[in-house]
Amino acid sequence: MSYIAKTISEVVTEYLNRTTYLPAIQREYVWDTYGIEKLFDSIMGDYPISTFLFWKIREENKNQWIAYDFIRDFDKEQPHNQEANLNGINQDIYLVLDGQQRLTSLLIGLRGSYRYFYYNWKKKRLYLNILKPAIKSDDPEELVYQFEFRESGIPNNKDPNSQCWYLVGDILNFIDAEDAKKDMKQNLKDFSDEERDIANTHIGRLHSRIHTLRLLNYYEEKSQDYDKVVEAFIRANTGGKKLEYSDILLSTATAKWNTLNAREEIYNFTDNINTIGNGYSFEKDFVLKGCLYLTDNLPIQYKVKNFNKENLEKIEENWENIKINIEDAVKLVNKFGFNDKNLVAKMSILPVALYLKKLNRKNFVDSTDKSDVENQIFIQKWLTLVLLKNSFGGSSDTTLRNLQEVIANIEDVSRFPYQLLNKKLNIEDSFSDNEIENLLSVHYSTKYSYLILSLLYPDRDWKDKIFNEDHIYPKSEFTNSKLKQRGYSSDLIIEYQKNFNSILNLELLTESENKEKNAEDFDKWLKSRDTNFKKRHFIPEIESYSFNKFINFICERKKLLQLKLKNFSI
């Protein structure tokens with residue numbers, strides 16, 4: 001991989017917002033003034049500022065992407081990048097895939113300003129105190145050079161004789177360093193020879209770092225294979241928030257939707273479904289996959305080439321239906337207790353959304369009609385089954401496409417086609433003895449624990465309620481030291497510790513119940529419970545619930561849970 005080296009002045013004055021722009025991705029400029037000051041301090045101190053990645057877009061392809069200008073005058077009140085006007089640019093352009101924060105900071109520091117609120121709104125520019133000697137501190141966060149954003153170059157009242165503030169951007173006005181020094185000669189006439197030497201050294205050093213040394217090294221990605229570029233895009237962004245495929249796909253969509261702003265629509269809808277119930281963590285990737293999945297005759301592979309103009313126009317036409325069906329699917333699974341913790345494969349919702357599209361019934365989610373409720377329970381049980389059998393692990397695209405074919409071809413839409421779906425997935429409608437054994441060995445607060453426990457409470461009202469996984473016998477009692485204090489043998493201690501954190505010692509309690517219970521001994525806690533508590537939580541009838549009878553409790557409860565899971569079927 002060979003890099004192209006440029007000077008900072010060359011990139012700032014000839015590249016940015018002339019031939020070089022930003023792609024339409026989510027992340028905007030996020031650095032504060034200290035970050036910019038530190039960047040310039042690194043440049044002056046000859047510290048590396050890493051490399052950059054530019055994507056060369058051939059002229060004939062440039063209109064396929066929305067480009068945004070780099071911010072020159074940053075305003076925290078209006079921090080958004082403006083869309084670039086590419087009309088009249090009859091040449092190849094570049095989109096910066098890695099380095100936008102640093103390049104924006106250079107542009108602000110050399111040619112712009114930074115406006116922010118601190119008691120009141122302040123607009124400042126970057127200055128360098130050319131009288132301060134370059135002294136490296138033991139604190140790596142402390143600047144070697146005194147760069148500072150200021151409203152003017154007027155010295156502070158504190159020690160004004162040790163200040164001479166140089167507007168950093170003025171260095172761009174001089175091709176020769178000596179001319180830059182001469183320009184400051186009058187301002188330095190009242191200082192000592194030693195101070196003037198320090199000032200001239202700083203000016204000369206700043207000039208060489210901006211004008212002479214080729215400190216900006218960028219790799220030019222020339223491929224027009226968009227999926228390759230997306231991969232480069234994601235791999236390049238090792239710092240800050242990880243970029244997703246959806247970021248650059250939305251750049252395409254924004255350019256090709258005719259009447260709607262794709263980026264705003266996708267972002268707003270993602271935020272909306274994440275507020276359902278107690279909250280979810282769906283990402284834009286999920287929504288974009290849903291756009292492909294819920295639009296007729298589109299490929300579902302998550303590739304840039306599938307988001308071409310023709311396909312995006314189809315998605316735009318179908319967008320309102322897509323939103324309705326995905327939102328209804330999320331509301332439905334939320335109604336039955338699937339929350340962000342136990343919905344371990346979020347793509348499993350898409351076949352449900354596709355079925356709701358096929359059903360085309362308004363108010364189905366809230367319907368109390370007998371046949372509708374029965375159909376909802378089919379969906380609930382099917383989703384539970386496929387999540388616990390990990391049916392959406394591995395090649396999810398193949399799985400989604402297979403289920404899509406089943407739903408597309410059903411004739412009787414009044415009944416959720418779980419049998420046909422399971423046949424396509426090659427799974428049974430119930431759990432085998434071996435599967436049940438594996439489910440009961442799952443441990444506390446792991447991937448499937450909450451989902452398994454939810455099977456024990458099919459009639460529970462899950463809507464807008466939070467349930468906690470709770471250890472029936474308090475986990476704090478199962479430490480080596482406490483078990484030894486009870487006089488238990490090594491073998492018995494092993495048995496206690498093997499079982500205390502499994503499903504066999506877990507239940508779901510409301511938040512208030514869990515706080516009330518705290519770490520109280522189970523035999524004491526049980527006496528304060530209502531008459532249905534044992535039945536509700538599958539507590540076996542045994543002679544004693546003391547801690548000494550824990551193994552007996554586990555053995556008897558296992559029988560109850562085995563029977564419950566054995567009887568599970570759709």
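For Y355 and Y418, the ring centers are positioned 6.0 Å apart or more. Aromatic pair F550/F478: centroids less than 6.0 angstrom apart.
Side-chain atoms of N567 come within 3.5 Å of backbone atoms of L563 as a donor-acceptor pair (strictly under, hydrogens ignored). Distance alone, capped at 3.5 Å, places no donor-acceptor pair between the N334 side chain and the V330 backbone. When atom types are taken as modelled, the side chain of D41 and the backbone of V144 share a donor-acceptor pair closer than 3.5 angstrom. Judged by distance alone, the side chain of K389 and the main-chain N or O of S430 form a donor-acceptor pair under 3.5 Å. Distance alone, capped at 3.5 Å, is enough to place a donor-acceptor pair between the K358 side chain and the A408 backbone. In terms of modelled atom types and a separation under 3.5 Å, the side chain of Q404 and the main chain of Y293 share a donor-acceptor contact. Between the side chain of N375 and the main chain of F416, a donor-acceptor pair closer than 3.5 Å is present. The backbone N or O of N363 lies less than 3.5 Å from no partner atom in the side chain of S367, so there is not a single donor-acceptor pair. N339 contributes a side-chain N or O that, together with a main-chain N or O of K341, makes up a donor-acceptor pair within less than 3.5 Å. In this structure, Y114 contributes its side chain and F149 its backbone to no donor-acceptor pair below 3.5 Å.
Heavy atoms from other residues, nucleotides or ligands lying under 6.0 Å from CG of D530 number more than 12. Within 6.0 Å of atom NZ in K534, more than 12 heavy atoms from other residues, nucleotides or ligands are found, so the atom counts as buried in its surroundings. The neighbour count for N426 CG, taken as heavy atoms of other residues, nucleotides or ligands under 6.0 Å away, does not exceed 12. For E77, the CD atom counts as densely surrounded, since its 6.0 Å shell holds more than 12 non-hydrogen atoms of other residues, nucleotides or ligands. Annotation for F533: atom CZ counts as buried by contact number, over 12 foreign heavy atoms lying within 6.0 Å. Counted within 6.0 Å of CD on E520, heavy atoms from surrounding residues, nucleotides or ligands total more than 12; the atom is thus considered enclosed. Residue-environment remark: NZ (K484) stays at or below the threshold of 12 foreign heavy atoms within 6.0 Å.
Judged purely by distance below 3.5 Å, without hydrogens or angles, the side chains of N548 and S546 never pair a donor atom with an acceptor atom. A donor-acceptor contact closer than 3.5 angstrom is absent between the side chains of Y219 and D98.
Taking each heavy atom of N505 and N499 in turn, the nearest pair found is CB-O, 3.9 Å. The heavy-atom pair separating S449 from I503 by the smallest distance is O-CD1, 3.8 Å. Summarising the geometry of T270 relative to I266, their closest heavy-atom pair is OG1-O, 2.7 Å, with the distance given to 0.1 Å. Taking both residues in full, the closest heavy atoms of E265 and L260 are given as OE2-CD2, 4.0 Å, listed atom of the first, atom of the second, then distance. Nearest heavy-atom pair, K564 versus L455, reported as atom, atom and distance to 0.1 Å: CE-O, 3.5 Å. When all heavy atoms are compared, the tightest approach of R361 to D372 is NH2-OD2, 2.6 Å.
By the 30° and 60° cut-offs, the orientation of the rings of F74 relative to Y29 is perpendicular. Ring geometry for W319 versus F269: interplanar angle over 60°, hence perpendicular rather than tilted (30 to 60°).
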**Request:** Could you go through the side chain to side chain donor-acceptor pair (under 3.5 Å) check for N434 and S432 one step at a time?
**Result:** CA-CA 5 Å; N434 187 52; S432 68; 5.3 Å; no
**Steps toward ring pair (Phe, Tyr, Trp, His ring centres under 6.0 Å) verdict (F568, F431)** = CA-CA 7 Å; F568 175 88; F431 298 112; 5.2 Å; yes
**Request:** For K346 and D285, run salt bridge (charged side-chain N to carboxylate O under 4.0 Å, His left out): C-alpha distance rounded to whole Å, both residues' side-chain angles, the deciding distance at 0.1 Å, then the answer.
**Result:** CA-CA 11 Å; K346 292 185 172 61; D285 289 353; over 6 Å; no
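Exactly one of L451, N342, I452 qualifies for a side-chain contact (heavy atoms from CB on, under 4.5 Å) with L387. That residue is L451.
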